[in-house]
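The structure appears right after this line, and notes come after that.
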Amino acid sequence: MEEIKADILILGSGGAGLFAALHAYDSNPRLKIVLATKGLIGKCGCSRMVQGGYNVVLDPKDSVELHFKDTIKGGAFINNQELAWTLVNDAPKRIHEMETKIGCFFDRREDGRIHQKPFAGQSFDRTVHRGDLTGIEIIARATDQVFARDITVLEETRGLELLTNSNGDRVVGALLMNIRTGQFIVVNAKAVIVATGGSASMYKISAPSFDKTGDGMAMCWRAGAEFVDMEMLQFHPTGLLAGKSRLSGSVLEEGLRGAGGRLYNAIGERFMERYDPERLERSTRDRVARAGYMEIMAGRGTPAGGVLLDMSHLGAEFVESKFPGMCERVRDIGKDLAREPVEVSPTAHFQMGGVRIDVNCYSSLKGLFVAGEDAGGVHGANRLGGNGIADSTVFGARAGDAAAEFAQSQDWVPVDQVQVKMFTNNVLKFFGRADGPDVYQLRDELKNLMWEKVGVVRTGQKLEQALKRLAEMSEEVERAKLPTGSLRGYNLALNEILNLRNQLVVAQLVAASALYRKESRGSHYREDFPETDNQNWLCNIFMRKKGDGYFIETRPVKLTRLRPEDVAAK
Amino acid sequence: MTLNVKVFRFNPETDKMPRFDTFKIEEFPNMAVLDVVMNIQNYHDPTLAYRCSCRIGMCGSCAMYINGRPRLACRTQVSSLGTKDITIMPLPNLPIIRDLAVDMEPFFEKYKKIKPYLIPKQDLKEPVICKPDSGERELIDYMLECITCGACYGACTMVATDPHYLGPAALTRAYCLIADKRDAATRERLVIVEQSEGVWRCHTQFNCAEVCPKKIVPTQAIQQLKKRCVFKRLGLFRG
Ligand SMILES: Cc1cc2nc3c(=O)[nH]c(=O)nc-3n(C[C@H](O)[C@H](O)[C@H](O)COP(=O)(O)OP(=O)(O)OC[C@H]3O[C@@H](n4cnc5c(N)ncnc54)[C@H](O)[C@@H]3O)c2cc1C
Ligand code: SF4
Ligand code: FES
């Protein structure tokens with residue numbers, strides 16, 4: 001088995017993984033940095049797919065205090081305020097770095113300065129962008145910079161498990177698998193940065209890229225890291241509906257609503273008038289997504305199960321010039337975004353919950369750093385559009401800096417070969433198994449189950465049913481058949497089994513935490529507890545593995561900078 | 001409607017010769033070729049290898065040779081092909097890992113040769129002020145949309161005949177940096193692209209532009225580079 005010794009191992013090449021690599025390298029070019037990523041570098045993950053843009057305070061009329069307040073309000077006050085404060089303060093530094101060092105070039109306004117556009121849930125137009133396909137510019141340029149540095153890149157190589165010391169309190173590396181060859185790789189690292197993105201793909205209608213299947217979160221869970229607010233999963237209000245095509249669920253960006261796009265139900269009512277008369281379509285994602293879902297459930301949806309997004313009143317020329325990428329996408333399904341209403345549905349988009357970290361991305365396990373969507377706490381109960389890519393670049397950079405410092409002061413802790421053997425066996429066992437549950441059937445079932453029972457609107461009863469079935473499915477996936485003979489390399493069916501195994505871990509955390517939070521807040525909506533209950537639930541939910549089960553508890557939110565009263569008073 | 005899908009199969013480790021497998025697939029509305037491929041792999045033959053990630057034309061992972069031309073599988077609607085007979089092959093001019101998955105390394109090796117990363121000028125301290133109508137960014141802005149999918153590389157007859165030719169995407173990136181006023185290494189890059197495997201290999205056949213899913217015209221970038229190379233020879237290049 002191939003063994004690599006590295007100072008820092010990074011899993012994932014989205015915004016968080018790439019910025020971690022660049023920052024770790026630039027803090028100390030002598031460090032040996034290995035970046036392993038499931039797809040091709042810079043081509044996988046959701047950072048690449050960022051459309052709308054990046055929230056950042058650049059205009060003197062704007063302020064970090066305002067951005068912070070919007071973020072906390074959007075997050076329904078359960079954000080970790082120190083993380084959110086770090087986000088808004090570091091974002092300008094990252095945009096500055098991108099423009100002057102990394103080589104990104106964002107759209108300009110008439111006077112030649114960086115243009116900022118309106119996004120929902122924000123008190124100032126602060127979203128930096130490149131047209132409506134911003135992620136390509138950020139991720140392609142950051143990838144170019146990785147090419148300029150002596151960083152070992154392992155493409156189409158997936159993290160399988162984190163390796164720990166005998167006490168289980170120190171991460172000492174990770175077991176990887178080269179997808180092309182099917183061979184295992186052991187990396188012994190002083191620090192591991194997990195940046196593999198979330199698991200929203202476990203829903204029937206979902207937005208993320210296919211390579212994101214909760215791997216990092218599941219690995220961190222199995223290794224024993226502490227998690228926070230796993231019930232918080234965001235649905236984007238305007239996912240394109242395209243029937244059985246995999247295009248379904250892909251996001252029509254936030255800026256459309258920002259620019260004045262309207263939502264109608266099938267009987268022609270502009271339904272946001274009922275749900276948020278003040279902000280209408282520019283309300284926060286959680287509200288708009290829920291409103292759309294409720295309309296559909298109440299029988300006021302289109303036959304295909306959607307509502308209608310209409311841009312036509314803004315003028316076809318305007319829509320086509322401002323949103324060429326979105327127009328093109330809609331054209332793929334034979335519709336004209338600039339001239340006619342388009343069917344949309346809420347789509348599972350982003351996980352606010354994740355591994356608990358501090359402002360330097362330290363997790364509860366020594367040697368384990370987590371950044372981007374895998375980490376929790378920054379966005380509280382709901383993420384503002386434009387704060388996601390800001391999060392991954394800000395905390396990716398911090399994780400890189402922190403891990404570099406950590407690695408310089410630490411020695412390698414040897415890998416436990418028994419543990420490696422156990423983990424490899426747990427993959428090898430599938431080979432040659434001709435009978436057993438079919439992974440694609442199980443996957444489709446998971447997507448439906450999550451959509452129906454752990455989705456936009458939840459109840460205690462549905463969540464309990466989901467948990468029961470998820471536990472059974474976790475056993476079934478271990479018995480899945482692998483009808484691909486002796487094929488090792490590029491075995492997509494094997495990878496699907498490994499994906500599903502991880503998605504099931506994350507799914508159970510989401511459902512268990514959702515069952516625990518007996519109130520509605522942000523993107524977590526309980527039909528049986530429809531009110532937000534600040535008396536009892538202004539708190540975060542923490543989970544840790546305990547034996548085969550888990551330990552769960554709440555701790556009050558630390559309102560270090562802003563309290564609900566401060567906002568209400570104004 | 002049933003689609004007749006012929007899929008190229010080849011495992012370089014075990015097969016002497018490639019073969020085609022045929023699948024009958026039910027068409028559904030809005031079906032993209034990527035849907036067809038996934039359908040085959042999920043429900044008909046789990047051993048099929050292919051690559052994709054974003055499924056919305058942003059990552060450039062899924063370029064394949066579909067009915068005789070390089071295209072993104074995710075952005076090629078079955079209905080746009082005008083036939084129920086679909087032949088899917090890997091992207092040409094690249095080594096095959098297995099079936100439809102190619103090794104992009106030679107493509108990226110050349111991309112890396114032109115130093116694709118900004119090397120910022122010393123005095124670049126703040127984001128540059130640049131009016132949208134100043135013409136300062138010339139043609140670069142739309143070319144930055146390149147998703148390095150390799151479709152142009154697969155379509156280029158010059159790449160096919162000269163495996164060392166840098167190819168359309170790498171040269172397009174070189175142009176974007178050479179024309180970028182923030183960059184300090186423009187001359188260095190010009191030296192790279194003017195060599196024998198560089199811009200002069202392009203015979204302006206526009207194959208690249210015809211297949212680019214982002215509607216980029218690499219030929220245009222290459223012509224701009226040629227112009228600058230000539231200026232440089234004449235001692236007139238300022239950059
Ligand atoms: C369609 C869409 C549009 C969006 N638009 C916006 C927007 O306009 N503004 C905004 O702020 N946010 C937006 N977001 C959210 C934003 O993309 C995320 O917040 C952010 O990109 C997450 O970054 P990340 O680095 O954590 O993860 P990602 O960018 O998703 O990267 C994860 C990486 O980990 C890799 N990986 C996965 N599993 C493994 C494994 N086992 N081993 C190794 N590597 C692995 C993946 O292949 C990938 O490289 C959008 C998201 C989507 C899906
Ligand atoms: S120039 Fe066009 S075809 Fe070539 S790699 Fe870029 S996007 Fe693909
Ligand atoms: S899958 Fe990303 S471009 Fe096709």
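Convention: sequence-line order gives letters A, B, ...; per-chain numbering from 1.
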key: Euclidean distance, B:E145 CD relative to A:R130 CZ, rounded to 0.5 Å   = 5.5 Å
message = Please check if the number of heavy atoms outside A:R113 that lie under 6.0 Å from its CZ is greater than 12.
response = no
task = Return the option, out of A:F106, A:F105, A:F210, A:F147, with the maximum number of heavy-atom pairs under 4.5 Å with chain B.
result = A:F105
note = Most contact-rich option vs chain B, by heavy-atom pairs under 4.5 angstrom, among A:E496, A:Q51, A:K212, A:R443, is A:R443
key: Side-chain heavy-atom pair A:E155, B:F108 within 4.5 angstrom cut-off   = no
message = Just checking B:K84: does its NZ atom have more than 12 heavy atoms from other residues, nucleotides or ligands closer to it than 6.0 angstrom?
response = yes
key: Intermediate values then yes/no, side chain to side chain contact (heavy atoms under 4.5 Å, CB included), B:R51 and A:L40   = CA-CA 9 Å; B:R51 181 184 292 126; A:L40 300 180; 3.8 Å; yes
task = Please name the pair of heavy atoms, one in A:R246 and one in B:N42, separated by the smallest distance, quoted to 0.1 Å.
result = NH2-OD1, 3.4 Å
query = Any side-chain heavy atom of A:T100 within less than 4.5 Å of one from B:P127?
reply = yes
key: Residue B:D99 versus chain A: region with a heavy atom under 4.5 Å   = neither
request  = Check the pair B:E136 / A:R108 against side chain to side chain contact (heavy atoms under 4.5 Å, CB included), numbers first and verdict last.
outcome  = CA-CA 12 Å; B:E136 199 180 301; A:R108 294 301 200 257; over 6 Å; no
inquiry  = Less than 3.5 Å apart, any donor N or O on the side chain of A:D144 or B:Y111 sitting next to an acceptor on the other?
reply    = yes
ask   = So, B:Y43 versus A:Q441: side-chain donor-acceptor pair below 3.5 Å or not?
value = no
request  = Mind ranking A:I114, A:D332, A:V146 by heavy-atom pairs under 4.5 Å with chain B and telling me who comes out on top?
outcome  = A:D332
key: Proximal component of B:K121, with respect to chain A [non-hydrogen, under 4.5 Å]   = neither
task = Please state whether the side chain, the backbone, both or neither of B:T76 comes within less than 4.5 Å of a heavy atom of chain A.
result = neither
inquiry  = On a heavy-atom basis, which atom in A:G243 and which in B:N30 lie closest, and how many Å separate them?
reply    = N-ND2, 4.4 Å
inquiry  = Looking at chain B, which one of A:N491, A:T181, A:L133 has the largest number of heavy-atom pairs inside 4.5 Å, strictly under?
reply    = A:L133
inquiry  = Under 4.5 Å from any heavy atom of chain A, what part of B:A101 do you find: side chain, backbone, both or neither?
reply    = side chain
request  = Please name the pair of heavy atoms, one in B:S53 and one in A:K43, separated by the smallest distance, quoted to 0.1 Å.
outcome  = OG-O, 3.5 Å
task = Kindly confirm or rule out a cation-pi arrangement of A:R141 over B:Y117, judged by NZ or CZ under 6.0 Å from the six-membered ring centre and within 45° of its axis?
result = no
ask   = So which part of B:P46 gets closer than 4.5 Å to some heavy atom of chain A, the side chain, the backbone, both or neither?
value = both
task = Measure distances from B:R182 to the heavy atoms of chain A and classify the residue's part below 4.5 Å as side chain, backbone, both or neither.
result = side chain
Non-hydrogen side-chain atoms of B:I147 and A:I136 separated by less than 4.5 Å = yes
task = Go through the atoms of B:D141 and report whether side chain, backbone, both or neither lie under 4.5 Å from a heavy atom of chain A.
result = both
query = Between B:I56 and A:S250, what is the shortest heavy-atom contact and its length?
reply = CG2-CB, 3.5 Å
task = Heavy-atom distances under 4.5 Å only: say whether B:I97 touches chain A with side chain, backbone, both or neither.
result = side chain
query = Out of A:Q145, A:R48, A:E99, which one racks up the most heavy-atom pairs below 4.5 Å with chain B?
reply = A:R48
Pairwise side-chain contact, B:Q77 with A:R331, heavy-atom cut-off 4.5 Å (strictly under) = no
key: Non-hydrogen side-chain atoms of A:K101 and B:L124 separated by less than 4.5 Å   = no
